[in-house]
Undergrad: 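Okay, here's the structure, questions in a sec.
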Amino acid sequence: MIEDISKVITKLRKKVPLVQAITNYVTINDCANILLAFGASPAMCEAYDESFDFAKIVSALYLNLGTLTKEQEASIIMAAISAKVHNIPVVLDPVACPVSKRKVDIIDKIIQLGRVDVIKGNSGEIKFLAGLQAEVRGVDSIGNQEGLIEACITLANKYNCVVAATGEKDIVSDGKRIAVIENGVEMLTKVTGAGCMLGALCAGTVGAEEDKFTATCAAIVSMGIAGEKAYEAAKAPGSFRVKLLDSIYEINEEEIIQSSKITFLGK
Amino acid sequence: MIEDISKVITKLRKKVPLVQAITNYVTINDCANILLAFGASPAMCEAYDESFDFAKIVSALYLNLGTLTKEQEASIIMAAISAKVHNIPVVLDPVACPVSKRKVDIIDKIIQLGRVDVIKGNSGEIKFLAGLQAEVRGVDSIGNQEGLIEACITLANKYNCVVAATGEKDIVSDGKRIAVIENGVEMLTKVTGAGCMLGALCAGTVGAEEDKFTATCAAIVSMGIAGEKAYEAAKAPGSFRVKLLDSIYEINEEEIIQSSKITFLGK
Amino acid sequence: MIEDISKVITKLRKKVPLVQAITNYVTINDCANILLAFGASPAMCEAYDESFDFAKIVSALYLNLGTLTKEQEASIIMAAISAKVHNIPVVLDPVACPVSKRKVDIIDKIIQLGRVDVIKGNSGEIKFLAGLQAEVRGVDSIGNQEGLIEACITLANKYNCVVAATGEKDIVSDGKRIAVIENGVEMLTKVTGAGCMLGALCAGTVGAEEDKFTATCAAIVSMGIAGEKAYEAAKAPGSFRVKLLDSIYEINEEEIIQSSKITFLGK
């Protein structure tokens, strides 16, 4: 399994998937840069009279609900519909959905009118979408991870997609397969956009690898290992951010095989 | 006094205040990152149908008028009203108000319909708001600092708030107390957003310390010392920005007591 | 010729031109920072009820069509009209125009209602605007550079402006003079916004140097040399971005004369 995961990075660099991202303005630059560093080709095409047409030609679509303007909201729906019509995989990052009724409504529209292949959120967001009690504070999850594996499975089966929940341990499930990933460092929570960047990387891998469970695991393992390597080189967040980009650029199959901390559960 | 100021950083890191920021897109990422590095929890919640409700649950609200879109304008008013209703302190950064009639109108609305606890601007902005002649160039103040202390006192009394004017020397006043702070380096003017980041830090400290004069002094002293330390390590702006974040992350009570250059005037 | 080009940097640092930029949110921070590092004064003034008035007082206007919101679209037209009325030079960056009918329409309006002094695009964008077949992929040009010099000349004569096409070699023409610039490194394509930052620098130099052909060459040579120097210091994109800003800050006349790889063709 880890061999399949490690090979995703090579497939991605060979294909250079074009990833359309409609994402919050806080970390839009970070998302573009990490996709480039990883080997993908980002295009932050989000004007609502361009997003439908542009989504036809991309390898994957990344939708992040962070600081969603009214115009972005329309663009996201249009792009999601286009993705359904044109068979383009969609990665959804339901940022802060537990504290915003509006975001729940938008997620419903994306799923009903468009499509979702991967939902990547923090523990609170995933539990909330799975119908469980979620403890959140602003955009951050503060609850424990109890019941998180079940929440991932439930949500994956509900929408027939891959679900990834990040936290102290990261969980990935397609409803049958389950991966528990323990890479990463605390310092990733001290830079803004680590979650957004991970979501963007998921869109990159999903744009290059057909098996979306494997693709999602590859993105999460890569981010976690890159975080660990960056932290070895830099113990403060300004320098850490710089090294994180460098580490994603340098990551390769060998590094993934040697440094991954992944356990597969389930059937 | 400096002991009280130095303790703010420890209070902040204990409380981890949730800071809602509605701010310009030029430096929104920098503001989020410096708040995280300082020990606060940033949430750039600015959608106009979310900003009122979100402002209920935060420790402080940061309003920056830099590149204000129409949607942000509505959000800022809604959030300021929510802050008044829910007793949340507000830090206002009146970017470029001397060259924009529209921004003056928005400031009036924020003050009349909402509330303002701290106004943090450059010398030109503060003089202008105090009704004095202000020399500005685009978004920058180019006038001298003559009469600036009086302008701060006047403005603080006018709106019953704390006023901070930045420049070669930084002035803070609550109408009675006056602090003159001489920390900082020229290089801070060579990176975009040093002023915005400082405004965000003020919201962080005001979210953790009841005495807003002390809180504002703590943010300004911290930024100045971090700038000095960053400049020791890096003499060019790309590297300086990285070290600035690192230095804000590393700052502590001892550093503030040892390195602060603050003089208290007035009663 | 290279002496004239090298002197632009000194003129710019003496004048500190105020550059108004209306640009995409992906790289707006990078554009502001590189203008500051170069020695210009950026003002990202883009609110549509401010952009007309603000354009009166600036030295140059930079218009970048990357992720153009509806509000930015109106602002760009207003600012371009103001530039025409008030005799302010305009640098246009027609990002992704080959894949967006909407952007072509906006470019037409800018040229018809406003003015354009420099068009800076990648090879695909310039060929497309010159009426030739362009090979593009998302926001990137993937075609070869065959026929590019002719495209630059054609477009420069069509709109009576300077045209700069970037790629493996960068071409600049005012319809008569032609410069071929071979500075730069591959790593510039691995960070987002290298093209946007270059466009912003062009606005900086055009705001300081009357001869727009010389000004544009100065910006391109500076960016290329800074890229080479950054790459000497850093082989991965996170660190490279940091060093790029540092190198633009440190660049000077001697460095430009010694390191420029520029050939002048034509009359």
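Values below: all heavy atoms of this structure, side chains included; hydrogens, waters and symmetry mates excluded.
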Undergrad: List the steps and the verdict of side-chain contact (heavy atoms from CB on, under 4.5 Å) for A:N29 and B:N29.
TA: CA-CA 9 Å; A:N29 180 273; B:N29 180 274; 5.9 Å; no

Undergrad: Which distance, rounded to the nearest 0.5 Å, do you find between the OG1 of A:T67 and the CD of B:Q72?
TA: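 One finds 9.0 Å between OG1 of A:T67 and CD of B:Q72.
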
Undergrad: Roughly how far, to the nearest 0.5 Å, is CG of B:D53 from OG of A:S100?
TA: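 Atom-to-atom, A:S100:OG and B:D53:CG are 8.5 Å apart.
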
Undergrad: Select one option (side chain, backbone, both, neither) describing which atoms of A:V191 are under 4.5 Å from chain B's heavy atoms.
TA: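 The answer is both parts of A:V191.
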
Undergrad: Between CG of A:L68 and SG of B:C45, what distance do you get to the nearest 0.5 Å?
TA: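 Rounded to the nearest 0.5 Å, the CG-SG separation comes to 11.0 Å.
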
Undergrad: Is the CD atom of A:E168 crowded by more than 12 outside heavy atoms at less than 6.0 Å?
TA: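 12 or below, so no.
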
Undergrad: Is B:E50 paired with A:K101 through a side-chain N to carboxylate O contact shorter than 4.0 Å?
TA: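 Result for this pair is no, no salt bridge flagged.
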
Undergrad: Search all heavy atoms of A:K235 against all heavy atoms of B:Y249 and return the closest pair with its distance.
TA: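 That would be O-CE2, 3.6 Å.
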
Undergrad: Output yes when a side-chain donor or acceptor of B:E71 lies under 3.5 Å from a complementary backbone atom of A:K70, and no otherwise.
TA: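 The answer is yes, because a donor-acceptor pair under 3.5 Å joins these two groups.
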
Undergrad: Testing the 3.5 Å rule here: is there a donor-acceptor pair between the side chains of B:D246 and A:S239?
TA: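 Side chains of B:D246 and A:S239: pair found under 3.5 Å.
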
Undergrad: Applying the side-chain contact (heavy atoms from CB on, under 4.5 Å) criterion to A:T192, which one of B:N33, B:I28, B:D30 satisfies it?
TA: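 By the side-chain contact (heavy atoms from CB on, under 4.5 Å) criterion, A:T192 pairs with just one of B:N33, B:I28, B:D30: B:N33.
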
Undergrad: Give, as side chain, backbone, both or neither, the part of A:V26 having an atom under 4.5 angstrom from any heavy atom of chain B.
TA: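 For A:V26, heavy atoms of backbone and side chain both lie under 4.5 Å from chain B.
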
Undergrad: Find the distance between CG (B:L36) and CE (A:M187) and round it off to the nearest 0.5 Å.
TA: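 Going from the CG atom of B:L36 to the CE atom of A:M187 covers 11.0 Å.
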
Undergrad: Does atom NZ (B:K243) have a neighbourhood of more than 12 heavy atoms from anything else shown, all under 6.0 Å?
TA: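 Incorrect, the count does not exceed 12.
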
Undergrad: In the structure I gave you, are the side-chain heavy atoms of B:M44 and A:Y25 within less than 4.5 Å of one another anywhere?
TA: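 A side-chain contact is absent here, since even the closest heavy-atom pair is not under 4.5 Å.
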
Undergrad: When rounded to the nearest 0.5 angstrom, what distance separates NZ in A:K190 from CG in B:L245?
TA: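 Here the rounded value is 13.0 Å.
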
Undergrad: Verify the neighbour count for atom CD of B:E182: are there more than 12 heavy atoms of other residues, nucleotides or ligands below 6.0 Å?
TA: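 For B:E182, atom CD is crowded (more than 12 foreign heavy atoms under 6.0 Å).
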
